[in-house]
Amino acid sequence: MSLAAQASSSGTGTRHTPAGAAVTAPNTDELELPWVEKYRPLVLDEVMGNEETVARLKVIARDGNMPNLIMSGAPGIGKTTSIMCLANALLGSAVKEAVLELNASDDRGIDVVRNRIKMFAQKKVTLPPGRHKIVILDEADSMTAGAQQALRRTMELYSSTTRFALACNTSNKVIEPIQSRCAILRFARLSDTQVLSRVRTVAQRESVPMTPAGLEAVVFCADGDLRLAINHLQAAASAASGMVDAEQVFKVCDVPHPAQVSAIVQNCAMGHVDRALDAITALTKAGYASLDVVTTLFRVVKNAPTQAPAAATGGANAAAALVLPEYLKLEFAKLIGLAHMRILEGVSSNVQLAGLVARMARVVVPPEKFVV
Ligand SMILES: Nc1ncnc2c1ncn2[C@@H]1O[C@H](COP(=O)(O)OP(=O)(O)OP(=O)(O)O)[C@@H](O)[C@H]1O
Ligand SMILES: [Mg+2]
């Protein structure tokens with residue numbers, strides 16, 4: 001079933017995701033909270049996606065004896081949430097006393113490891129048998145190497161009473177000796193279906209009137225980052241006077257409309273370089289950053305079907321009209337990737353985007369035309 005079809009088939013008023021996970025009921029005291037916090041899962045059952053990793057965490061939560069853990073993965077996919085859920089499940093009401101959470105906003109130099117973490121590890125807390133105190137080091141990749149070195153022996157010395165859970169975006173920024181002391185759990189980006197399911201549930205709980213195309217636009221812009229998706233949903237809902245539709249979402253996400261971008265790709269696929277150049281110039285004149293344009297180009301190409309769909313999806317998918325044969329998708333993805341790299345290196349001029357479009361259009365021009 002396409003995302004559009006799933007979006008439109010949603011019932012109203014349900015409090016459960018398709019996976020059966022109940023969403024935290026909004027508490028009247030928390031009405032001012034941003035939705036990402038209001039709907040932050042409190043138990044592991046509510047965490048979307050990464051089923052294998054979450055299943056491992058559930059086993060740890062059931063059996064106790066948590067090993068030192070490193071959770072690594074992209075932003076906004078549930079690492080901090082999962083650690084918090086695990087700590088809640090393991091320690092219950094003792095969580096306040098028995099958990100020390102330090103994130104990148106805290107000073108985490110070598111002194112903190114020497115003093116605060118050691119003091120916490122030595123502190124006496126009465127816990128149920130088989131449970132340990134937990135030190136949560138969020139955004140551990142931003143800890144200095146010195147502080148990480150100081151952690152090595154601490155981790156071992158206090159292992160009978162204290163366990164460590166580290167969360168980071170890239171595990172290779174955590175020094176190897178720490179990696180070797182921990183079980184590494186990798187979190188993958190969430191699939192579009194998982195993001196859609198959660199966003200739809202939040203929209204229903206908040207009574208946000210949305211068109212299926214609007215929902216799909218939120219999912220498209222988030223690219224697997226659930227935090228971003230929920231934030232976009234809230235921004236679009238507060239900006240819209242009535243129905244939240246795709247236009248509204250693309251406006252608050254500040255990315256080029258995929259319909260415009262897919263028209264550029266379509267023109268390239270037909271060798272109409274002039275039209276494609278005009279359209280890409282219009283985008284840069286409208287003020288979109290080159291990086292946003294190439295990332296949207298890539299998503300449009302990635303999502304384009306290789307064959308025309310048997311039944312139309314009702315126009316909910318903005319890029320639905322675009323059909324690219326496999327070889328064109330491969331070529332376009334390669335060229336967009338190279339341009340993306342150059343833009344990240346700092347060459348983000350209009351010429352860069354125009355060059356990309358020209359190279360994409362060139363793919364479909366027969367080679368003999370270039371012979372002079
Ligand atoms: N897998 C998920 N299931 C349910 N909600 C999620 C999930 N991932 C993210 N969220 C939502 O996004 C918010 C942020 O998630 P979280 O803090 O766990 O991200 P993170 O992976 O730690 O990101 P970062 O690397 O930026 O710290 C949560 O409050 C929650 O609302
Ligand atoms: Mg986090």
Side-chain angles (χ1 to χ4, degrees), residues 14-27 30-58 61 69-89 99-106 108 134-143 164-174 184-206 208 215 218-219 221-237 253:
T14 170
R15 294 189 53 186
H16 291 82
T17 62
V23 166
T24 318
N27 179 335
E30 297 169 357
L31 285 179
E32 298 305 316
L33 283 178
W35 292 353
V36 275
E37 292 309 326
K38 192 167 163 186
Y39 294 98
R40 188 187 281 276
L42 297 176
V43 292
L44 285 167
D45 274 332
E46 287 182 21
V47 175
M48 299 290 298
N50 290 295
E51 288 80 6
E52 276 184 29
T53 311
V54 175
R56 279 181 73 183
L57 293 177
K58 279 187 195 159
L69 292 173
I70 295 181
M71 322 251 181
S72 89
I77 53 175
K79 300 181 299 296
T80 305
T81 308
S82 304
I83 295 188
M84 293 301 181
C85 293
L86 178 65
N88 279 332
V99 172
L100 174 67
E101 192 211 341
L102 297 171
N103 56 43
S105 68
D106 300 298
R108 292 185 304 187
I134 301 174
V135 178
I136 298 175
L137 295 167
D138 214 350
E139 292 116 28
D141 35 8
S142 66
M143 282 178 80
F164 289 76
L166 287 75
C168 58
N169 293 127
T170 40
S171 62
N172 59 6
K173 293 219 180 107
V174 175
I184 302 188
L185 299 178
R186 303 214 182 269
F187 278 71
R189 277 181 182 278
L190 302 182
S191 72
D192 282 355
T193 319
Q194 288 160 345
V195 176
L196 177 83
S197 140
R198 185 71 178 185
V199 169
R200 193 169 55 201
T201 321
V202 173
Q204 281 167 358
R205 297 291 305 132
E206 291 295 329
V208 181
L215 257 181
V218 171
V219 176
C221 292
D223 199 21
D225 179 341
L226 191 47
R227 180 198 286 130
L228 196 61
I230 298 177
N231 277 333
H232 282 159
L233 174 72
Q234 187 168 16
C253 297

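Whatever order the structure lists ligands and atoms in, that order sets their numbers, starting from 1.
- Scanning both residues, Arg189 and Ile77, for their nearest heavy atoms gives CA-CG2, 4.0 Å.
- A donor-acceptor pair under 3.5 Å is absent between the side-chain atoms of Thr170 and the main chain of Lys173, judged by distance alone.
- Considering each of Ile77, Asn231, Thr81, Asn50, the one bringing a non-hydrogen atom nearest atom 15 (O) of ligand 1 is Thr81.
- In summary, the atoms of ligand 1 found under 4.0 Å from a heavy atom of Gly76, numbered by their order in the structure, are 8 (N), 9 (C), 19 (O), 20 (P), 21 (O), 23 (O), 24 (P), 26 (O).
- Taking any N or O of Gly78, backbone or side chain, at least one lies under 3.5 Å from an N or O belonging to ligand 1.
- Residue contacts to the Mg ion (ligand 2): Thr80 brings an N, O or S atom closer than 2.8 Å.
- Of the possible donor and acceptor atoms, one in the side chain of Asp225 sits under 3.5 Å from a partner among the backbone N and O of Leu228.
- With salt bridges taken as basic N to acidic carboxylate O contacts below 4.0 Å, one links Lys58 and Asp45.
- What you find for Val195 and Gly224 is that their closest heavy atoms are CG2-CA, 4.1 Å.
- Interface of Pro75 with ligand 1, defined as ligand atoms under 4.0 Å from a residue heavy atom, comprises 23 (O), 24 (P), 25 (O), 26 (O).
- Among all protein heavy atoms, the one lying closest to atom 6 (C) of ligand 1 is Leu226 CD2, 3.3 Å.
- Here's the thing with Trp35: none of its N/O atoms is less than 3.5 angstrom from an N/O atom of ligand 1.
- No side-chain donor-acceptor contact under 3.5 Å links Arg40 and Thr80.
- Under 4.0 Å from ligand 1, the heavy atoms of Pro41 that appear belong solely to its side chain.
- Less than 4.0 angstrom separates some heavy atom of Val47 from each of these atoms of ligand 1: 1 (N), 3 (N).
- Nearest heavy-atom pair across Ile70 and Cys168 is CG2-SG, 3.9 Å.
- Remark: among candidates Arg40, Lys79, Met71, the nearest residue to atom 17 (O) of ligand 1 is Arg40, based on non-hydrogen atoms.
- By the 4.5 Å heavy-atom criterion applied to side chains, Met84 and Glu101 are counted as neighbours.
- Nearest protein heavy-atom contact of atom 29 (O) of ligand 1 is Val36 O, 2.6 Å.
- By the criterion of a heavy-atom distance under 4.0 Å, neither the backbone nor the side chain of Asp138 is placed next to ligand 1.
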